[in-house]
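Below, read A as the first sequence line, B as the second, and so on, with proteins coming before strands; counting in each chain starts at 1. Everything numeric in this text was worked out from a predicted model, so none of it was measured. These values consider heavy atoms only, across backbone and side chains, with no hydrogens, waters or symmetry-generated copies.
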Amino acid sequence: MANLITIDPITRIEGHLKIKVEVENGVVTNAYSSGEMFRGWEIILRDRSPIDAPPIAQRICGVCPMPHGIGSILSLDDAFNVKPPANGRIVRNLMLGAEFIHSHLLHFYHLSALDYVDITAILKYKGLDPKLIKIRDWVKSDVDAGSKSAGAPFLPRYKGDYIEDTDINIAAIANYIKALEMRRKAHEMLAIFAGKMPHAQTLFAGGVASRVTVDKIIAFKSRLTELRTFINNVYIPDVLAVASLYPNYFKIGRGVGNFMSYGGLPVDDSGKMYFTSGIYLGGNLEDFDSNNIAEFVKFSKYSSNTGLYPLKGETVPDAKKGGAYSWLKAPRYKGNVVEVGPLARAVITYLKNSDSSYKNLIDGALNSLGIKVDALISTMGRHAARALELKMLADNMDVWVDQLEPAKPAHTKFTIPKTSDGMGLTEAPRGSLGHWIAIDNFRIANYQAVVPTTWNGGPRDDNGNMGPFEQALIGAPIADPENPIEVGRIIRSFDPCLACAIHLVEGDKEILKFRVC
Amino acid sequence: MLITRKKFLQISAGSIAGFALSNLWLPKLLEAASVKNGKGKLPIVWFQAQACSGCPVSFINTEYPGVDEILIEVITLEYNPVIMGATGDTAIGVLDRMVTEEKGKYVLVIDGSIPTEEEGLYCTVGEKDDQPITALSWIKSLGENAMAAVAVGSCAAWGGIPSAPPNPTGAVPASSIIKDKPVINIPGCPPHPDWMVGTIVNVLKYGIPELDDIGRPTMFFGGDKLIHDNCELRQYFDAGVFAKDFGQEGCLYELGCKGPVAHCDVSTRGWNSGVSWCNRSGGPCIGCTEPFFPGGTGSGLYEKLPAAEVPGLAKINANANTIGIALGGAVVAAIGAHAGARIIATKVKQKKDEEKREKGTPYILKEEDDK
């Protein structure tokens, strides 16, 4: 007899997510992933000036605004037929890179680590670090007083198989605090060119509004150096330490096994991208072609036609649609379920051998963990891929920042065309991201974003094929149905962002151009 | 069209009428806080509705004090979905405990607007008897049982982007749902961490801060905090030097800067540990702290402010127009006002300098240049 477990809300992610699993004999046999919030961003964008799109579109998400901002300005570059000067291209890459650093550090330390680290170990702390002493005394006084809020917001929590080694736990708590500061510095670094974070101020077609000056370059580079030291000496070792303590999670949460990367971050004016584009489908490596994307809505809360190209057809929200269980649609590539994100980028890059130093880094990590490359496709593999790609990206950013030329322009003048359309594809911390815009009479006629968590967290398609979250849960062991800690671990390894994932196209005007740049 | 401040006040009349009484509930608040383990910490339930999580992410960008200090010494953060350990029933259990056992003892912080159409089904958190619980009903019950409510971010304070025309989900601000007690509004997209931390600490140590007529602490959003009056680019405005395209030097007014109608102190405080702020970066202020943000169709974020809708702007425009005429070389003599004369003098000098630069002359400031 299956035991139905509902986990709502899934916390320590962005947004509103519900997971339902059926558990039989201690193993998940069925799963449902439900996005639980809808705003209608694209409807709000319609009829506005096209240059309003980047500041509004980036506000889809406050954890990862920069990728949306970049996706949006790339779509405007395309629609306005304008190309940023080298400084503009590089500043965009540096801002997006800084967002990766912020987002990946936040994800591991502040969103995921509490699934593994035993926060109560702080009570056993005997060292002299003033911050840790303060935390110990704080938790202890609340525990001694019998407060129900002791350790809030870190407690209460599920009971489970947390790390038992006190030293590792305390080191992880210390790094949780340190990482708060590090991710703040990543935001500072970003704000040097963005004006503020979250939600940048300088995103325009044709480049960026900020000017490149030597003080900005050195302020950026100094913080980048500090962050690279943290990534290399703290973040990666911490991820590998947790991975080595939970080897079973290299077998749990494997998921669909199809992977996609749009590619992104242009490294020169020829269109060469830092992130490799490609798709791994049913064991075969293919070139990515955006014409193969279609969105299905049988189980989504929309009363509209299904199986359509993202910007075709009408879509109407239907909060009470029978049988539907998510505000996310189910995007498919040639009808196939695909996973996006750091693991997908690692698989594509590894198999295409497009970056030998990244491949060597992955091989080195696999060797040190004593596992085979296939084990990367797993819960813990997603964490490892995220950490390793961040080192590669941060190392490259250090090269890019030196390519900036002070006093040279970072922006090319644009004019808004009366009628046009454009597409902006990039890679976000959570995976492949696309923004599309159609312009009519100098106004936004249609706007659409297809985002990573829609690919990963969407519901079943019309054929009943489960989405990547759902497939990753199937077969997962649940030791205690009252405390399904395993579900949170598997889902969080994808780094879900629900605010991003839920969109609506109300498209009586379709965007004609839908091609790979 | 723009929703003017006056219009917003008309729309939201009533919901903020209780502010005059705000300090009456302060002693009760502090009493409640002090019973918390004998420590003066403010118990906080931070609930997210139609949010993007930019507000909590900005909150943890606080530098001094750091997040750890705040969690240990200033507040007891009972619930916050982004950082809390609990998930699922364990998390819902915290909310249930707050509305039953901790009535009147916690402050409710909300980010995100609240959808009201389709019975609130556009945003749900948790289930009861297999039915989803709407954010709308959570905010009603959490609000009813809270000591006070704080709306952080422009979505919770005014409705924000989700409520922009055509407002597909009937999104409303927190003050439209919580009517029985004042709601302190800390707008911004997102708010600066200092505004959130500062308001909380002020409540705890000194009482309810002075609020303006739309519920914002005047210490951060008061009339003297007009961006335009405190802008480091103001000298360009006074000199009539206007950027005509993004990335150019000059006042950003003609690129749509909303500084003349936007209130907050980032122009002097700076963002992200002071590394920059909006106008310094070259991206014009979009007025994200104001009820009109982001406006509807035709209110372009980068379209020049319509003078008629903004008190005091006529004068600014007059100056700007005067400069235009003066540059045309026509009616310089007609300008009698000292300020106008100064602007023209600076502008003429600037033009001369530009000519010099174009000719390749070294750009050196000298008094006799003007002669």
Side-chain angles (χ1 to χ4, degrees), chain A residues 6-11 14 16 36-40 43-44 47-49 51-52 55-56 59-63 110 114 131 134-135 138 142 145 147 149 152-158 177 180 184 187-188 191-192 194-199 201-202 204 209-211 319 409-411 413 488 499, chain B residues 37 43 50-55 57-58 60-61 63 66-68 72 76-88 90-91 97 118 121-127 161-162 164 166 168-169 189-190 245-247 271-273 275-278 280-283 286 294 297 300-303:
Chain A
T6 301
I7 306 162
D8 182 8
I10 298 277
T11 52
E14 197 303 316
H16 300 283
E36 297 195 289
M37 188 265 280
F38 171 78
R39 295 173 298 189
I43 298 175
I44 291 159
D47 295 331
R48 299 189 68 112
S49 166
I51 60 170
D52 283 4
I56 293 181
R59 283 171 166 83
I60 286 170
C61 179
V63 178
H110 309 120
L114 294 180
K131 281 207 169 178
K134 206 152 110 179
I135 296 170
W138 162 56
D142 278 3
S147 167
S149 307
F154 308 113
L155 300 174
R157 59 173 184 183
Y158 284 146
I177 306 284
L180 278 170
R184 170 169 59 71
H187 260 184
E188 287 171 18
I192 289 166
K196 72 188 247 284
M197 277 306 286
H199 301 325
Q201 198 74 9
T202 55
F204 295 94
S210 41
R211 288 186 293 277
H411 184 258
K413 194 172 174 58
Chain B
N37 313 328
Q50 282 175 307
C52 75
S53 296
C55 297
V57 169
S58 183
I60 63 172
N61 275 349
E63 188 176 13
V67 189
D68 47 331
I72 293 170
T76 300
L77 189 56
E78 306 276 6
Y79 183 95
N80 174 298
V82 180
I83 62 172
M84 69 193 300
T87 276
T90 319
R97 180 166 65 80
E118 293 287 342
L121 285 170
Y122 287 115
C123 183
T124 60
V125 178
E127 286 188 352
I161 295 177
T169 60
C189 192
D245 194 14
F246 302 104
W271 265 100
N272 302 92
S273 310
V275 298
S276 191
W277 70 280
C278 313
R280 182 186 298 172
S281 74
I286 55 175
T297 57
L301 295 175
Y302 303 108
E303 279 167 34

Inset, instruction - State which residues pass side-chain contact (heavy atoms from CB on, under 4.5 Å) with B:Ala51; sequence neighbours excluded, sorted by chain then number. - result: B:Gln48, B:Asp111
Are any of the side-chain heavy atoms of [X] and [Y] separated by less than 4.5 Å?
X        : Y        : result
B:Asp68  : A:Lys134 : no
A:His16  : B:Val125 : yes
A:Gln201 : B:Ile286 : yes
A:Asp142 : B:Thr76  : no
A:Pro9   : B:Met84  : no
B:Ile161 : A:Arg39  : no

Rounded at 0.5 Å granularity, tell me how far [atom1] in [X] sits from [atom2] in [Y].
X        : Y        : atom1 : atom2 : result
B:Leu121 : A:Met37  : CG    : CE    : 14.5 Å
B:Arg280 : A:Lys196 : CZ    : NZ    : 15.0 Å
B:Thr90  : A:Leu155 : OG1   : CG    : 11.0 Å

At their closest point, which heavy atom of [X] faces which heavy atom of [Y], and how far apart are they?
X        : Y        : value
A:Leu180 : B:Val67  : CD1-CB, 4.1 Å
B:Ile72  : A:Ile135 : CD1-CG1, 3.6 Å
B:Ser281 : A:Gly195 : CB-CA, 3.3 Å
A:Ile10  : B:Thr87  : CA-CG2, 4.2 Å
B:Tyr302 : A:Pro55  : OH-CG, 3.4 Å
B:Cys52  : A:Ile60  : CB-O, 3.6 Å

Legend entry - CA sep, side-chain torsions, deciding dist, call: A:Glu14, B:Val57, side-chain contact (heavy atoms from CB on, under 4.5 Å): CA-CA 10 Å; A:Glu14 197 303 316; B:Val57 169; over 6 Å; no
Inset, instruction - Measure up the B:Phe246 and A:His411 rings against each other and bin them: parallel (under 30°), tilted (30 to 60°), perpendicular (over 60°). - result: perpendicular
Legend entry - Leading residue by heavy atom contact count with chain B [cutoff under 4.5 Å; candidates A:Ser210, A:Pro156, A:Ala152, A:Cys61]: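 The candidate making the most pairs under 4.5 Å is A:Pro156.
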Legend entry - Among A:His199, A:His110, A:Arg157, residue most engaged with chain B (heavy-atom pairs, under 4.5 Å): A:His199
Can you tell which of [options] has the highest number of heavy-atom pairs within less than 4.5 Å of chain A?
options                            : result
B:Val82, B:Thr169, B:Asn61         : B:Asn61
B:Ala91, B:Gly85, B:Ala86, B:Gly54 : B:Gly85
B:Cys55, B:Gly282, B:Pro162        : B:Pro162

Report which part of [X] has an atom under 4.5 Å of a heavy atom belonging to chain B: side chain, backbone, both, or neither.
X        : answer
A:Ile51  : both
A:Phe154 : both
A:Leu114 : side chain
A:Ala410 : neither

Inset, instruction - Could you list the residues that satisfy side chain to side chain donor-acceptor pair (under 3.5 Å) with A:Arg184, not counting sequence neighbours? - result: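 Residues passing side chain to side chain donor-acceptor pair (under 3.5 Å) with A:Arg184: A:Glu188.
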